[in-house]
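One structure below.
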There are 2 protein chains.
Amino acid sequence: MIHFGILDDHPLVVEGLLSLFKTNPEILAGWGTTTLADCEKKMLESPVDVLLLDIHLDQLDGIKLCRDFRMRFPALQILMLTSYAEPPLIKAAFQNGAAGYLLKNAGYREIQEAITTARSGRRYVQPQVQEILLSSSMGFGQTPRLAYIPTLTQREQEVLTLIVNEMTTQEIADKLFVTTKTVETHRTNLLQKLGARNVAGLVKIALEKGLV
Amino acid sequence: MIHFGILDDHPLVVEGLLSLFKTNPEILAGWGTTTLADCEKKMLESPVDVLLLDIHLDQLDGIKLCRDFRMRFPALQILMLTSYAEPPLIKAAFQNGAAGYLLKNAGYREIQEAITTARSGRRYVQPQVQEILLSSSMGFGQTPRLAYIPTLTQREQEVLTLIVNEMTTQEIADKLFVTTKTVETHRTNLLQKLGARNVAGLVKIALEKGLV
DNA sequence: TTGCTTCTCAGGGAAAACCCTGAATTTTCA
DNA sequence: TGAAAATTCAGGGTTTTCCCTGAGAAGCAA
C-alpha cells in the first residue's frame, strides 16, 4: 500500500486525483492540500511515501520546494506535476531530487505508474516527456535555453514580476526605492540567467516556467 | 438530472471532474473529452445540457469555440474553465455566450453550483471572479485592459508571434521582407489593440490568451 | 463608386532597453 | 569569521522601442 499526498493550488486537480485513486486498493491517497502551510502540517501529521507537487504554486517555486522537502524528508519521493513540458524545467526538477515529472495531461495509468515507480525508488519519466527531452537535445529550430533553471534572487524575482507587469525601469526603481542603474543591473542579470535576448524573452520564460 | 460534458486537454482535470460528480444523483456527467474532434462527435451522439469548456485549449481559442457552440447548439449552456482570471477574458467569455466563468481553483461546491445555475439558464459568477471584475473596473493600480479580444489581422498575428519569439523589429522586417517602419506600425497597432504598454504586455497577453 | 480595412512606408524625436566595465556595502552561510 | 552571494550604484555608450503625424496602394463590400 502506497500513501501519497498532493500539493496543488487547484482544488480541482487535488480532488480529482484523490477520487481517482479512491477505489484503488494498491494506492491510498493520504491527503490533498492546496497550500504549503497545510502541506507541511500534513507531512508531519501523517507522512506519505510519495508527494505529488505542483511546480507552479502561487508565489512559490516548486523546484526549490522539491529540494527543500527532499532534505527534510529523506524517505519522501516527489513527483513534479505541471502543465509545461519545458526541458529546462524537467532537468531542474531531476537535479533537485524529483523522482518523476508528470504533465497534467497525463492519463490515469501514467499517474499510477509514476507513483508506484517513485515508491520503489526509481525514476519515472513520462513517455511524452522523454520525447520532449530527446527532441530538445537535438535542438532543431528552437533557441537553446539554459539546461537548468537558475535560482533567482529575491530582488531579481521582484524585478522580474514588475517587468512582467509592464513596468519600465524607471517605474520599478521608484517602486523599490533604488536607482535605475540598480534595476538595470538586475535586468541584465535576469537576461543572462534566463537566457533571454530581451523583455519578450523574459516575460515568456517567466510565464512559461511559472516564475511569476 | 443534468447532463454535462467536458472539453479540456488535461485528462487529469477531465477525469477528476467526472469522478467528482459520479456519485451525485442530481448531476450526471455525460462524458469528458480532451480534443475538439471528440467533443463535437460526443455533442451529436449524446447531447448535454451544460458543457465545461477549457478556455485555453492547445492551438484553439476557447472563446471563439464557445460562440461557435452556442450557435450550433442553442440549448447548450457553456461554462468556461480556466486558470487565468483576466478581466478581459471574463468579459469576452460572457459576451460570447458563456453562462459562467470558473477558475480551475474552484472548489467542488462552486462547480456544482455553476452547473446547476447554468442549467437553469442563469449566469454563474464565481465570487472570486466577481471580486476581480470589480477591482479591475475600479481600476486601482492595474492597467485597464480592453473588454474584448480584438481580432488581429494576419500580419499582426505574424508580427506578434515573432515578437514573442524575441525577435527585434529589424529581424522581423528582414524575415517578412518589409521595412522596419512597417513592422513598427504593426507593433503600434498591436499595443493599441491589445491594450499593452510595451513588449512585456504584448507577450503576456499573447501567451495568456493563447494568441500565439 | 465609395467607403472600409489592411498593408505598406516615411520623418523625426523621445524614451526605454541593452551592453560593458568597475566597484562598494551588506547579507548569508559554511 | 571569512568567503561567497546579493544588492547597490555609476559612467558612457549603442540599439531598440515607442510616439506622432501623414499617406499611398490594394482588396473588398455595400
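As a basis for the values below, the full set of heavy atoms in this structure was taken, side chains included, without hydrogen atoms, waters or symmetry mates. Letters go in sequence order (proteins before strands), and every chain restarts at 1.
One finds a salt bridge joining B:Lys193 and B:Glu156 here, because a Lys/Arg side-chain nitrogen approaches an Asp/Glu carboxylate oxygen to under 4.0 Å.
B:Thr185 and B:Thr188 share no donor-acceptor pair across their side chains, judged by distance under 3.5 Å alone.
B:Ile163 has its side chain out of reach of B:Thr168: every pair of non-hydrogen atoms, C-beta onward, lies at least 4.5 Å apart. Counting heavy atoms from C-beta on, the side chains of A:Leu176 and A:Leu162 come closer than 4.5 Å. Residues A:Trp31 and A:Met43 form a side-chain contact, since some pair of their non-hydrogen atoms from C-beta on lies under 4.5 Å apart. By the 4.5 Å heavy-atom criterion applied to side chains, B:Leu102 and B:Met80 are not counted as neighbours.
Remark: P of D:dC18 and CG of B:Leu190 are 10 Å apart, rounded to the nearest angstrom. Separating the CD atom of A:Gln157 from the P atom of D:dA5 is a distance of 19 Å, rounded to the nearest angstrom. In this entry the distance linking CD of A:Glu158 with P of D:dT7 reads 8 Å, nearest Å. Distance, B:Glu156 CD to C:dC7 P: 6 Å, rounded to whole Å. Between the CG atom of B:Leu160 and the P atom of C:dC7 there is a distance of 13 Å, given to the nearest Å.
Between B:Thr153 and C:dT5 there is no side-chain N or O to OP1 or OP2 distance below 4.0 Å.
A:Thr34 contributes no side-chain N or O that, together with a main-chain N or O of A:Leu7, makes up a donor-acceptor pair within less than 3.5 Å. Under a 3.5 Å cut-off, the side chain of A:Asp8 and the backbone N or O of A:His10 do form a donor-acceptor pair.
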Pairs: protein N or O with nucleotides 24-30 of chain C N or O, under 3.5 Å:
none

Once base and sugar-phosphate atoms are separated, protein heavy atoms under 4.0 Å mark nucleotides 8-22 of chain C, 5' to 3', with B, S and - as BBBBB----SBB---
